[in-house]
Amino acid sequence: MKSKNITITISGFILFFFLFAGISFAEIKKVEVGIDGLSCPFCVWGLKQQMKGIKSIEKLEISLKKSLAHFTLKEDSLLNIEEIEGAVKDAGFSIRGIGIEAAGEITAYDGFPALKVSGSGQIFILSNFKKINPGAAVLIDGSVHKHEKGKSYGLLIKKLKIIEDSL
Amino acid sequence: MKKAKFLLCVILAVVLVSQRVYAVSINSNIGLTPSKNQLLIRSQTRFTKKSDDPTNKDRDREDFNILTAIVYGITEKAALFVTVPYLIKELKSTEDGSGRERGDSGVGDITLLGKYRIYTKDYPSKTSRLSILGGIKLPIGEDDEEDSFGRLPQDLQLGSGSFDPIVGTAYTWQTLDNELDIDFTYKFNTEGTNDFEFGDLLKYNIAYQRRIWPFQLPEEGLYSQLNLVLELNGQYQAKNRRAGVKDADSGGRTIFLSPGIQYVTERFILESSIQLPSIQDLNGSQVETDYIIAAGMRITF
């Protein structure tokens, strides 16, 4: 009986560790920027140089066939749409859309449901949101859009996975 | 010997620089502009062979034009081009029963050109762009050279001695598989050395290129590609003038059909083309162009 309790306790610690680790360090796991007008390798070089100027970006990769730029953000970095737009514009292209995969917890912002990203604490106001308990740990795949100046970005949910419910 | 040395330099430069680039026409202008602060260096060697002299002078002309162009993106829409030519000109002829060789080599006239993109329509993996061009050719090359036979004819001089404004426009439709470029440029040649004025020059080009390798593009990442290029390069030149009098043996119309090939990577292009005159309608008794061979590279920073 005692050894069974120890096993359960250890398993619980391991489970908690992985859940915690998954949420805390994942943050914005992936950013995907759809770029129109990208139709030759030379253009890619110019785009890469501009995007490398954004300090928060790491592991930048371009898919020419899909016209996409994929990257991750450095730990605790905030997603800055204006910076990405500026880099793409300076490279001579147009943004089709920005998608992210982010982990965090459900919260409220200005009376709206929102995602508070783990680590950075960046807030995204959620749309296409089905009621989930505040404080629930989630992983959301969606497209980001700007709101009026000074307000948090919006995140249109495409996929939502509850990692840990708060209740 | 000089020719061989320069050819060797160009080939060495091509071989030694092993980075990655892209795709545009070989003998035409394009509607695309580089990114802001992007630097592009292009080197192209052009060999022009002219013979088939309608006179009894049996003139035979061989020219090398080694062009180095530096392109800088001032903004994402505006770019500056500086083109420096190194010229080797050689004319062989028979006069008074004896053979004669004349020629010169050195830096020619430098051209400064600005390009501004005025129309852009982007789609996923496609773009449609139109740019306008404007600039000036500066009288940098020697324009009063002499040899043992006297002053070299004006077209054997390295420079014209004139400031010549250039205007033009270039359109590009580009996809991952194909590219179409159409451009026009007009050079207003003004009076230079010795009261000589070259006739104004209109150039018009249509270029099509098709990726032939890889046949299927990879889903992710980048790739190198091989393109086949086919261009129609036309030019019309008005008659030259000396002291205001037109030279009947100058000017005319030529249209080249120019097949070419390009190897394109992310930062580097190797390309080659041959320009074959399909229509040559020259005024008076001029030596006709047999062919022009162009080979070059581009690298971006």
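Being a predicted model, the structure only gives us computed values, none of them experimental. Protein chains get the first letters and strands the later ones, always in sequence-line order, with residue 1 at the start of each. Values below: every heavy atom of this structure, side chains too, minus hydrogens, waters and symmetry copies.
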Enquirer: Which bit of B:Gln38 is near chain A, if near means a heavy-atom gap under 4.5 Å: side chain, backbone, both or neither?
Expert: side chain
Enquirer: What are the two closest non-hydrogen atoms of A:Ser63 and B:Glu220, and how far apart are they?
Expert: CB-OE1, 3.6 Å
Enquirer: Please give me the minimum heavy-atom distance between B:Leu176 and A:Lys65, naming the atom from each residue.
Expert: CD1-CA, 3.7 Å
Enquirer: Roughly how far, to the nearest 0.5 Å, is the CZ atom of A:Arg96 from the CG atom of B:Asp122?
Expert: 10.5 Å
Enquirer: Which distance, rounded to the nearest 0.5 Å, do you find between the CG of B:Leu40 and the CH2 of A:Trp45?
Expert: 12.5 Å
Enquirer: Tell me which of these, B:Lys121, B:Glu76, B:Arg211, B:Arg117, has more heavy-atom pairs under 4.5 Å with chain A than the rest.
Expert: B:Glu76
Enquirer: Is B:Phe301 atom CZ crowded by more than 12 heavy atoms from other residues, nucleotides or ligands, each under 6.0 Å away?
Expert: yes
Enquirer: Would you compute the distance between atom SG of A:Cys40 and atom CD of B:Glu179 and round it to the nearest 0.5 angstrom?
Expert: 7.5 Å
Enquirer: Is it true that the side chains of A:Gln50 and B:Ser35 contain a donor and an acceptor less than 3.5 Å apart?
Expert: no
Enquirer: Hey, which residues of residues 124-133 of chain B are touching chain A, say heavy atoms under 4.5 Å apart?
Expert: B:Pro124, B:Ser125, B:Lys126, B:Thr127, B:Arg129
Enquirer: Supply the atom-to-atom distance B:Lys77 NZ to A:Lys89 NZ, rounded to the nearest 0.5 angstrom.
Expert: 7.0 Å
Enquirer: Could you pull out the closest heavy-atom pair between B:Tyr223 and A:Leu64, with the gap in Å?
Expert: OH-CD2, 3.3 Å
Enquirer: With chain B as the partner chain, list the residues of residues 145-160 of chain A whose heavy atoms fall under 4.5 Å from it, by residue number, and write 'none' if nothing qualifies.
Expert: none
Enquirer: For the atom pair CD (B:Gln174) and CG (A:Leu38), what is the distance rounded to the nearest 0.5 Å?
Expert: 9.5 Å
Enquirer: According to ring pair (Phe, Tyr, Trp, His ring centres under 6.0 Å), who are the partners of B:Tyr119, at least two apart in sequence or on a separate chain?
Expert: none
Enquirer: Counting neighbours of NZ on B:Lys203 that are heavy atoms of other residues, nucleotides or ligands and sit closer than 6.0 Å, is the number greater than 12?
Expert: no
Enquirer: In Å, rounded to the nearest 0.5 Å, how long is the span from CD of B:Glu219 to CG of A:Leu68?
Expert: 11.0 Å
Enquirer: Heavy atom to heavy atom, less than 4.5 Å: which residues from residues 78-88 of chain A reach chain B?
Expert: none
Enquirer: For A:Glu58, I'd like to know if atom CD has over 12 heavy atoms of other residues, nucleotides or ligands within 6.0 Å.
Expert: yes
Enquirer: Quick check on B:Phe184: does its CZ atom have over 12 non-hydrogen neighbours (other residues, nucleotides or ligands) under 6.0 Å away?
Expert: no
